[in-house]
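Throughout, protein chains are lettered first and strands after them, A, B, ... in sequence-line order, and every chain is numbered starting at 1. Note that the structure is predicted; figures quoted are calculated from it, not measured.
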Amino acid sequence: MAEQLNEQDLRRFEELELLEKAGIEVYPYSFNKTLSAKFILENYNDEKPDELSNVGVAGRISAIRRMGKASFFHIADETGKIQIYMKKDDLPDFYENTKLLDIGDIIGIEGFAFRTKTGEITIHARKVSLLAKCLRTLPVVKEEIDEQGNRIVYDAFADKELRYRRRYVDLIVNPDIKNTFVKRSKIISYIRKFFDEKGWLEVDTPILQTIYGGATARPFITHLNALDITLYLRIAVELYLKRLIVGGFEGVYEIGRNFRNEGMDRTHNPEFTMLELYVAFKDYNWMMDLTEELISKTALEVNGSYEVEYEGKLISLKPPFRREKMFDLFKQYTGYDLKGKSREELFEIAKKLNVEIDKDSSSMKILDEIFGAKIEEHLVQPTFVIDYPLEMSPLAKKHRSEEGLVERFELFVSGNELANAFSELNDPRDQRQRLEEQARIRAAGDEEAMVVDEDFLYSLEVGMPPTAGLGIGIDRLVMLLTGESSIRDVILFPMMRPEKNK
RNA sequence: GACCCCGUAGCUCAGGCGGUAGAGCAUUUGACUUUUAAUCAAAGGGUCGCGCGUUCGAGUCGCGCCGGGGUCACCA
């Protein structure tokens, strides 16, 4: 046993043995749960209490009030809490054993519903079964419902470290957080439904890859013993989905885990959930309309409103979203036209704007810095930033009319990037040049630059139709729609440093 | 990676001027057959994250380490 037992835990182990000695089956195989707590609370009718005269409820004990020869318990199931009334007269054989029940134990009750004289709908127990003993003391949370019906929680379980490490305890003790994860699930299933209705195909592509690509990031490295080769956990699914467009599917998407071996913070977890979608014969203008439709309809579906409060700001996801060309934004917020400027000129402008730049930064890096420092803060309401410099986007198609740019947009909300999309580059000659340029940057020491993937280039040579592609960070979308400001609060089991000496 | 803040009972937190460690809830015992943050009476429970140092004496001061949170950097 890794974790030491405290006095209270020891008592619980003792109680388990006492119950067993009393002839109680302490780990039974099933229980006939007939109704949920919520159903009973919503359907109890004072005129016809007989309708709920024989119910089976089950859940975890969340509060106990013993009054001698009668006791009140609250149990919580997935749907909520309901009060249980146990009376010695009605449980002659079992009542003594109720003293061995603790907060956290899972019990099943057979009995009838009634309303107490203080007005609470309650189950009067005819039979009580222990379903599983809780042998570890849970944080004790007390709550009160005030006259306005608001829940007031006392001594809430607040230790973030323990909440993330023992999410199961967090879910028991802070049931409200379930809503976040229920909403996460609804968001993802709505997106699936939205895409499926358009006739697009959900696919699964390799997570273990011999060559990683589709994004600029450092990978996790692993090894396949059977073939004695190095493998990488994918950093994106882009290149595989494009191969499927080459193969003749006209709309494919994947919702799955990506892995990036980089820093962790409020908006980055080493494994995160990404949505990518590729649709043949379309371009980024079409994709912008689709993205707007998807995001706004998802918000409406899960929140019943286009309005979202995020980090103290009221955000409207009602279409249409603002659309701005990247270099127009630079002009608008810095006063400078940065298009076509040399590295030296950009460096000087950054200096004048008080944006700190490393001496050896590339033009792209300088643009990125200025964007981060001067523009992002203005992109609170959803904004499509359109037409990026070519060097920033090695997989995007050259702009049809603007020299040096690609057909790309990113969607910003509350200053955060939510989506990234291109008219996909399908000229294999251009793609080869761009990947070879990446390889040069990589050779010069940038570990995050892309690797040349010959098979991907071969597939483009076989021929990929004009295609629009989209990526959305699901975790960040969930953060936006649930109002959470840390990615750890929208991932059930976020990455944590392992504990030592335990 | 840098900086700031935090780590005291199962939980939430006080104490910090260096002088034997506190509260509420939880636990145990007793009373109580419609209570609901139940109530009343009593009791037990701590390597004050870990280590080293300063000191007659460290939860408190210093240094290092571990873990967490935050800001920045890196990164989409």
Side-chain angles (χ1 to χ4, degrees), chain A residues 3-12 14-15 62-74 81-91 95 99 102-104 114-120 122 124 134-146 151-165 169 173-174 214-218 235-236 258 260-268 270 272 274 356 358 365 368-369 371-373 376 388 392-393 410-412 416-420 446-448 471-473 475-476 485-486 488 494 496-502:
Chain A
E3 192 87 358
Q4 286 203 336
L5 292 165
N6 63 44
E7 179 201 10
Q8 295 191 43
D9 291 342
L10 280 170
R11 172 65 190 161
R12 284 165 181 251
E14 245 174 66
E15 283 166 345
S62 65
I64 303 177
R65 290 177 295 282
R66 298 182 214 274
M67 312 198 43
K69 296 180 184 67
S71 299
F72 289 88
F73 289 67
H74 268 102
K81 291 182 181 178
I82 189 160
Q83 182 166 257
I84 309 294
Y85 178 57
M86 299 185 198
K87 191 166 138 184
K88 188 169 184 181
D89 299 344
D90 296 327
L91 299 164
Y95 195 80
K99 292 174 185 163
D102 285 299
I103 289 174
F114 74 109
R115 193 184 285 278
T116 65
K117 66 183 176 193
T118 50
E120 181 162 350
T122 301
H124 188 129
C134 176
L135 294 169
R136 294 295 193 167
T137 314
L138 299 177
V140 181
V141 176
K142 293 263 181 175
E143 57 179 49
E144 178 182 29
I145 312 291
D146 71 9
R151 267 182 64 213
I152 303 168
V153 177
Y154 298 88
D155 297 341
F157 178 46
D159 185 321
K160 285 209 167 197
E161 180 177 0
L162 277 176
R163 286 186 48 214
Y164 297 143
R165 288 192 196 279
V169 173
V173 174
N174 297 323
T216 51
R218 270 189 273 191
I235 58 173
N258 286 350
R260 298 189 184 175
N261 207 339
E262 288 171 352
M264 295 164 56
D265 61 28
R266 234 177 49 228
T267 56
H268 297 84
F272 61 100
M274 188 78 178
E356 274 193 48
D358 283 347
K365 181 76 190 151
D368 212 23
E369 291 286 341
F371 192 85
E376 278 183 10
Y388 282 65
M392 276 180 163
S393 319
E410 292 191 311
L411 174 62
F412 284 83
N416 294 316
E417 179 207 338
L418 202 64
N420 182 21
D446 184 349
E447 284 183 72
E448 276 144 11
I472 294 180
D475 308 282
R476 291 185 186 173
S485 55
S486 170
R488 288 184 157 174
M496 297 290 279
R497 192 187 296 272
E499 292 174 286
K500 291 198 170 174
N501 307 324
K502 286 262 171 111

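- Heavy atoms of A/Tyr164 sit under 4.0 angstrom from primed sugar atoms or phosphate atoms, though from no base atom.
- When the P atom is compared between B/U27 and B/G10, the two are found 14 Å apart, to the nearest whole Å.
- Distance A/Arg163 CZ to B/G67 C1': 17 Å, rounded to the nearest Å.
- Contacts of A/Glu120 with the nucleic acid, taken as non-hydrogen atoms under 4.0 Å apart, include base atoms.
- Applying the Watson-Crick and G-U wobble criteria (two distances, each under 3.5 Å), B/C3 pairs with B/G70.
- Nucleotide B/G53 is matched to B/C61 when pairs are restricted to Watson-Crick or G-U wobble geometry with both distances under 3.5 angstrom.
- Residue side chain A/Gln8 reaches the base of B/A26 through a donor-acceptor N/O pair under 3.5 Å, judged by distance alone.
- Among the protein residues, A/Glu376 comes within range of no part of the nucleic acid, since none of its heavy atoms lies under 4.0 Å from any strand.
- As judged by a 4.0 angstrom heavy-atom cut-off over every strand, A/Asn420 is placed among residues making no nucleic acid contact.
- Within the nucleic acid shown, A/Glu14 has no heavy atom closer than 4.0 Å to any nucleic acid atom.
- For B/C4 and B/G46, the C1' atoms lie 29 Å apart once the distance is rounded to whole Å.
- A gap of 15 Å separates the C1' atoms of B/G15 and B/G24, to the nearest Å.
- In this structure, a donor-acceptor pair under 3.5 Å is present between the side chains of A/His74 and A/Glu120.
- Between B/U28 and B/G64, the two P atoms lie 45 Å apart (nearest whole Å).
- Contact of A/Glu161 with B/G67 (side chain to base): no donor-acceptor pair of N or O atoms is detected under 3.5 Å.
- Residue-level contact check: A/Lys87 touches the bases, meaning some heavy atom is under 4.0 Å from a base atom.
- A distance of about 14 Å separates the P atoms of B/U60 and B/U20, rounded to the whole Å.
- Contact of the A/Val169 side chain with the A/Leu162 side chain is not registered, since no non-hydrogen atoms from C-beta on lie closer than 4.5 Å.
- Atom NZ of A/Lys88 has 12 or fewer heavy atoms from other residues, nucleotides or ligands within 6.0 Å.
- Note: A/Tyr388 and A/Phe371 have tilted aromatic rings, judged against thresholds of 30 and 60 degrees for the angle between ring planes.
- With respect to A/Arg11 and A/Glu14, a salt bridge is recorded, a charged nitrogen being found less than 4.0 Å from a carboxylate O.
- Taking the P atom of each, B/C48 and B/G7 are spaced 14 Å apart, rounded to whole Å.
- Separation of the C1' atoms belonging to B/G44 and B/A21 is 16 Å when rounded to the nearest angstrom.
- Across A/Phe157 and A/Pro139, no two heavy atoms sit closer than the pair CD1-CG, 3.5 Å.
- You'll find that the side chain of A/Ala70 is closest to B/U33, out of B/U34, B/U33, B/U12.
- Within 4.0 Å (heavy atoms only), A/Lys365 reaches sugar-phosphate atoms of the nucleic acid but no base atom.
- Going from the P atom of B/A26 to that of B/C40 covers 11 Å, rounded to whole Å.
- Among the heavy atoms of the strands, none lies under 4.0 Å from A/Asn258.
- Panel note: side chain A/Arg260, backbone A/Ile235; a donor-acceptor pair is recorded below 3.5 Å.
- For A/Phe114, the listed nucleotide lying nearest its side chain is B/U34; candidates were B/G68, B/U34, B/U28.
- If you check every strand for non-hydrogen atoms under 4.0 Å, A/Arg66 touches a base.
- Here A/Ala217 lies in heavy-atom contact (under 4.0 Å) with sugar-phosphate atoms only.
- A/Arg65 comes within 4.0 angstrom of a base, heavy atoms only.
- Applying the 90° cutoff around 0 to the glycosidic angle, B/C17 is assigned syn.
- Within 4.0 Å of A/Glu417, counting heavy atoms only, lies at least one base atom of the nucleic acid.
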